[in-house]
Number of protein chains: 2
Amino acid sequence: MKSSQQRLDDIIAKLRLNKFRITPQRLAILKVFLNSTEHPSVERVYKQVRADFPTTSLATVYKTVHLLKEIGEILEIGFADGRNRYDGLKPYPHPHLICMKCKAIIDPKLSNLDHLTSEVEQASGYQILSHQLEFFGICPACQKK
Amino acid sequence: MKSSQQRLDDIIAKLRLNKFRITPQRLAILKVFLNSTEHPSVERVYKQVRADFPTTSLATVYKTVHLLKEIGEILEIGFADGRNRYDGLKPYPHPHLICMKCKAIIDPKLSNLDHLTSEVEQASGYQILSHQLEFFGICPACQKK
DNA sequence: TCTTTACTAAGAACAATTATCCTTGAACTG
DNA sequence: CAGTTCAAGGATAATTGTTCTTAGTAAAGA
């Protein structure tokens, strides 16, 4: 497991390489992602960043999220109602387990899905580039209520 | 495989049973779903229904979609950008294969996923109620271009 | 028939996201 | 270390997909 600091440095290098500027806002947003295990929403990131940079605008957060998504350093977890969430720790396709009550999102351990992907690829003729797998349920804490 | 007519009758019976009225608009919307293999969007359904009922409002389509979702007769396929699509032919969780270029959605053949679900359920303590699995790629037709 | 209730249409309202427009500042140049 | 330049930020308007509100209509029950 790469350290968070190492990862941050790598991303900064990648941004520089692609001629994107390293601004304090971008750094602040990036750090929120690299230190969150709870798959934050844009709103959540915005609030967190505002704590340190009170003048940051929501548009900047959206732009940065878009940028980070673009260079493949965060993963978007899409929802039907538009309340998207993001994963900055494992920015590659992997399953998520979502509590329908408290909206908590965790990463379940699960044997890998590569064989499924190639099964589908073979049968369909599609060239598969990515996938998304979500389980919806009730977490242990919410079950007790 | 149940016939489309049989399925329509069943849904009508279910609506009646739950004291929902059978209106011409609802029938028209329902028929669009039962005759579409292409996983239509709300907009698509709206256009189709307008052909027969030119005064129907978009809100009615949304409401009916919501209702049908509620009683479990259509499946919502959620997208991060809000362009949701629906499946009225197989209203239970099953994988989808989506072309990132032309947005076509098909149902790939795939061995079942129940073991995955129970694997996750065991490991996490969550009570899993549903899941969603999508593969993103390029369809054979779009690959040629 | 009268009454009640559910439903529809239309447009307003909403929330998440994106675009616009002007200003600022990161990073390259000399 | 300035000076310059263009990408990025801030504020806010616009857009998009969806839901709510209101008033009118039609169906079912008394």
Side-chain angles (χ1 to χ4, degrees), chain A residues 11-32 39-71 73-86 103, chain B residues 11-33 39-71 74-86 103:
Chain A
I11 297 174
I12 290 172
K14 189 192 246 184
L15 285 171
R16 241 191 258 288
L17 195 71
N18 290 285
K19 308 263 187 255
F20 293 113
R21 294 191 183 152
I22 314 302
T23 64
Q25 292 89 337
R26 283 185 175 167
L27 278 179
I29 292 166
L30 198 39
K31 277 178 191 162
V32 173
H39 308 80
S41 64
V42 166
E43 197 60 34
R44 190 84 196 74
V45 173
Y46 177 59
K47 285 210 183 101
Q48 202 112 1
V49 170
R50 294 280 291 203
D52 292 328
F53 287 83
T55 71
T56 308
S57 94
L58 194 51
T60 298
V61 179
Y62 274 106
K63 285 179 199 169
T64 305
V65 164
H66 185 81
L67 171 63
L68 293 174
K69 215 168 58 180
E70 204 70 5
I71 65 169
E73 294 294 346
I74 63 173
L75 181 78
E76 186 171 63
I77 311 172
F79 287 92
D81 65 357
R83 308 263 168 82
N84 292 344
R85 304 270 291 263
Y86 297 87
K103 309 296 177 197
Chain B
I11 297 174
I12 290 172
K14 189 190 242 183
L15 284 170
R16 241 191 259 287
L17 196 69
N18 290 284
K19 308 263 187 251
F20 294 112
R21 295 205 184 134
I22 315 303
T23 63
Q25 292 87 342
R26 284 186 176 166
L27 276 182
I29 292 167
L30 199 40
K31 278 179 189 161
V32 172
F33 282 121
H39 307 80
S41 64
V42 167
E43 195 61 33
R44 189 86 195 73
V45 173
Y46 177 59
K47 282 208 183 103
Q48 203 111 359
V49 170
R50 293 282 291 201
D52 292 329
F53 288 84
T55 71
T56 309
S57 89
L58 194 51
T60 299
V61 178
Y62 275 106
K63 283 184 161 190
T64 305
V65 164
H66 184 81
L67 172 63
L68 293 174
K69 214 168 59 180
E70 205 70 3
I71 65 169
I74 63 173
L75 181 78
E76 185 172 64
I77 311 171
F79 287 92
D81 65 358
R83 307 262 167 82
N84 293 345
R85 303 272 290 264
Y86 297 86
K103 310 295 177 195

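Just so we're on the same page: letters track the sequence lines, and every chain starts at 1. Note that the structure is predicted; figures quoted are calculated from it, not measured.
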Undergrad: Could you tell me if the side chain of A:Glu43 sits less than 4.5 Å from the side chain of A:Arg83, heavy atoms only?
TA: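 Side chain of A:Arg83 against side chain of A:Glu43, heavy atoms only: no contact under 4.5 Å found.
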
Undergrad: With respect to B:Tyr86, which candidate in B:Val42, B:Leu68, B:Leu75, B:Ile77 satisfies the side chain to side chain contact (heavy atoms under 4.5 Å, CB included) definition?
TA: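 Only one option passes, and that is B:Val42.
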
Undergrad: Whole Å only: how far is the NZ atom of A:Lys63 from the C1' atom of C:dT17?
TA: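 These atoms are roughly 12 Å apart.
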
Undergrad: Tell me the interatomic distance from A:Leu67, atom CG, to C:dA26, atom P, rounded to whole angstroms.
TA: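 Rounded to whole Å, this separation is 16 Å.
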
Undergrad: Taking C-beta and beyond as the side chain, do A:Ile12 and A:Leu27 meet within less than 4.5 Å on heavy atoms?
TA: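 Answer yes - side chains close enough.
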
Undergrad: Indicate yes or no: at least one non-hydrogen side-chain atom of B:Phe20 is less than 4.5 angstrom from one of B:Arg26.
TA: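 The answer is yes; the side chains approach within 4.5 Å.
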
Undergrad: Please tell me if B:Thr23 has a side-chain N or O lying less than 4.0 Å from either OP1 or OP2 of C:dT8.
TA: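 Checking C:dT8 against B:Thr23, a side-chain N or O does come within under 4.0 Å of OP1 or OP2.
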
Undergrad: Between B:Gln25 and C:dA9, does any side-chain N or O lie under 4.0 Å from OP1 or OP2?
TA: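 B:Gln25 to C:dA9 OP1/OP2: side-chain N or O found under 4.0 Å.
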
Undergrad: Closest nucleotide of DNA chain C for B:Phe20 versus for A:Ala59: which of these residues is on the 5' side?
TA: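 Here B:Phe20 is the residue nearer the 5' end.
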
Undergrad: List in chain and number order the residues that pass salt bridge (Lys or Arg N to Asp or Glu O under 4.0 Å) with B:Lys69, two or more places apart in sequence or in another chain; answer none if no residue qualifies.
TA: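 So B:Lys69 forms a salt bridge (Lys or Arg N to Asp or Glu O under 4.0 Å) with B:Glu76.
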
Undergrad: Calculate the interatomic distance between A:Arg83 atom CZ and C:dC14 atom C1'; express it in whole Å.
TA: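 To the nearest whole Å, that distance equals 11 Å.
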
Undergrad: Would you mind reporting whether B:Gln25 and B:Val49 have side-chain heavy atoms less than 4.5 Å apart?
TA: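 No, side chains not in contact.
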
Undergrad: Find which nucleotide of DNA chain C each of A:Asp81 and B:Pro54 is nearest to by heavy atoms, and output the residue with the more 5' nucleotide.
TA: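 Whichever sits nearer the 5' end wins; that is B:Pro54.
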
Undergrad: Classify A:Arg16 by what it touches in the nucleic acid, base, sugar-phosphate, or nothing, heavy-atom distance under 4.0 Å.
TA: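 Sugar-phosphate contact only - A:Arg16 comes under 4.0 Å of backbone atoms but never of a base.
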
Undergrad: Could you tell me whether the phosphate oxygens of C:dA26, OP1 or OP2, come under 4.0 Å of any side-chain nitrogen or oxygen in A:Arg26?
TA: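 No, no such contact exists.
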
Undergrad: Do B:Arg21 side-chain and C:dT5 base share a donor-acceptor contact under 3.5 Å?
TA: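 For B:Arg21, whose side chain was compared with the base of C:dT5, there is a donor-acceptor pair (under 3.5 Å).
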
Undergrad: Quick one: are A:Leu15 and A:Ile22 in side-chain contact, heavy atoms under 4.5 Å?
TA: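 They are in contact (side-chain heavy atoms under 4.5 Å apart), so the answer is yes.
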
Undergrad: Check the distance between C:dA16's C1' and A:Lys47's NZ and give it to me in whole angstrom.
TA: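 Between C1' of C:dA16 and NZ of A:Lys47: 14 Å.
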
Undergrad: Is there a side-chain contact between A:Tyr62 and the phosphate of C:dT18, meaning an N or O under 4.0 Å from OP1 or OP2?
TA: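 The answer is no; no side-chain N or O of A:Tyr62 sits under 4.0 Å from OP1 or OP2.
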
Undergrad: Taking 5' to 3' order, which nucleotide of DNA chain D is first and which is last to have an atom within less than 4.0 Å of a heavy atom in chain A?
TA: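 Counting from the 5' end, contacts occupy D:dC6 to D:dT12.
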
